[in-house]
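Okay, structure first, notes after.
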Amino acid sequence: MKTLVIHPYLKKDTDNRRSPQARLDEAVRLTQAISLEIKASVLVPLATYRPATLIGQGKAEELKALIEQHEIGLAVVDGSLSPVQQRNLEKALGCKAIDRTALILEIFGARARTHEGKLQVELAALEYQKSRLVRSWTHLERQRGGFGFLGGPGESQIEIDRRLIRDRIAKIKRELTGVTRTRELHRKTRRDVPYPVVALVGYTNAGKSTLFNRLTGADVRAMDKLFATLDPTLRTVRLPSGLKIILSDTVGFISELPHELVAAFRATLEEVTEADLLLHVRDVSHPDTGAQKADVLGVLDSLLPPETLHSDMLEVLNKVDLLPEGTAEGGVGVSALTGFGLEALLSILDAKLSSQFMATLAIALPASDGEKLAWLYRHGSVVSQEEEGDVLHLKVRLTHENAARWEKMRAKSQPA
């Protein structure tokens, strides 16, 4: 569909974390994420937002001429539209209009893969639509995913029965309650092991999935697109000491993340709240990296107690290969693409987690007992080994689980 991307902004806006052009560029990338054909993108400076059309009648007429020139069928407004503004703007422009929330919901609807992810996005879409006057829910006609904000076949509009929406919302919430219970059982199983959980968080397109694939050998979708990954993925990683961790790749955040999505994805984001350590992956090559950091911390602040943001989080400065040497400061510099810095990252993770999840044992072992010696090397990290006659004196780091297994093995081998 031929598309126009519009970023309206107040000329007197004092929020200088991002320039209007940077916000427009991000809106363009969001629109490209679902392969819409962008014919034009424009900045619309305003003295004030207009209650009727947001941008004002004169500016709407200018944009209508652009729309007619390029035969554009969709206008994406990088901002929030009330139902009245959306309806009036569509009349003024002569084409379909959607706002930032609807666009992000479309992306999520097209990308969600798991049953839980699809339920969460549909719930967010229904909550968004429930109070809107514009009838644009075309879920019965969907062919490519998404939630029908862009129109279905023949651009027809299906009249929504609000009672049916409420019924569907109630049904989804019941299903999600069951999914949440199942997820909690899985978490309990992991806690019983127990392996520490490390969750990757960060702004969308910061390189989390590329880093996840590098560290785990997995093949999670990693593309140069916003929101390439939506559903959380878990894999085990063995650290240099032998400690196993569970690494979780979560959905990326974005500025002005629709509150419907924050609420709907709360169950998924519980992976973040349950983690023993957060890795905040930042794209330090991006000109707005500081603003992106603030956006991520803003979402985390709504999920976690304040002290967690300091004591249980490590900044990973990704894409340092794109910076002049020595300009990345304040975190662990890595390049998920080339592998630079990953050994140092794993060592830091080891140092942070081993003291909590590993024990160091002093073990005396007959030199002839090759079976137990091999077991110790296989399941732990041998810090030192000295031979005294027929006895080996070792210092071995083991997870608490393996330390308990070792004590059982040793007790069984003791003479009665």
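What you see is a predicted model, and the numbers here were worked out from it, not measured in a lab.
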Notebook entry, point to check: Would you say the side-chain atoms of R397 pair up with the backbone N or O of G380, donor to acceptor, closer than 3.5 Å?
Noted result: no
Item checked: NZ/NE/NH1/NH2 to OD/OE distance under 4.0 Å, E175 and K118 -> no
Margin query: Looking at G202, is its backbone amide N or carbonyl O close enough to the side chain of Q292 to form a donor-acceptor pair, meaning the two atoms are under 3.5 Å apart?
Written below: no
Notebook entry, point to check: Between R23 and Y9, is any pair of side-chain heavy atoms under 4.5 Å apart?
Noted result: no
Next item on the list: Mind running side-chain contact (heavy atoms from CB on, under 4.5 Å) on L30 and V5 for me, showing each step along the way?
Entry: CA-CA 10 Å; L30 281 170; V5 180; over 6 Å; no
Margin query: Main chain of K319, side chain of D283: is a donor-acceptor contact present, judged purely on distance under 3.5 Å?
Written below: no
Item checked: Donor-acceptor contact present, side-chain D276 to main-chain V197, <3.5 Å -> yes
Next item on the list: Say whether, by atom type as modelled, one donor and one acceptor occur between the side chain of Q385 and the main chain of L392 under 3.5 angstrom.
Entry: no
Check: Any donor-acceptor pair under 3.5 Å linking the side chain of E386 with the backbone of H393?
Finding: no
Checklist line | Spacing of S19 atom OG and L24 atom CG [to the nearest 0.5 Å] | finding: 9.5 Å
Check: If only atom types and distance count, is the side chain of D288 paired as donor or acceptor with the main-chain N or O of A291 below 3.5 Å?
Finding: no
Check: Judged by atom type as modelled, is there a donor-acceptor pair below 3.5 Å linking the side chain of D295 to the main-chain atoms of Y203?
Finding: no
Check: Are the charged groups of R410 and E407 less than 4.0 angstrom apart, N to O?
Finding: yes
Notebook entry, point to check: Would you call R168-E122 a salt bridge at under 4.0 Å N-O?
Noted result: yes
Margin query: Using modelled atom types and a 3.5 Å cut-off, is there a donor and acceptor pairing between side-chain atoms of T3 and backbone atoms of M1?
Written below: yes
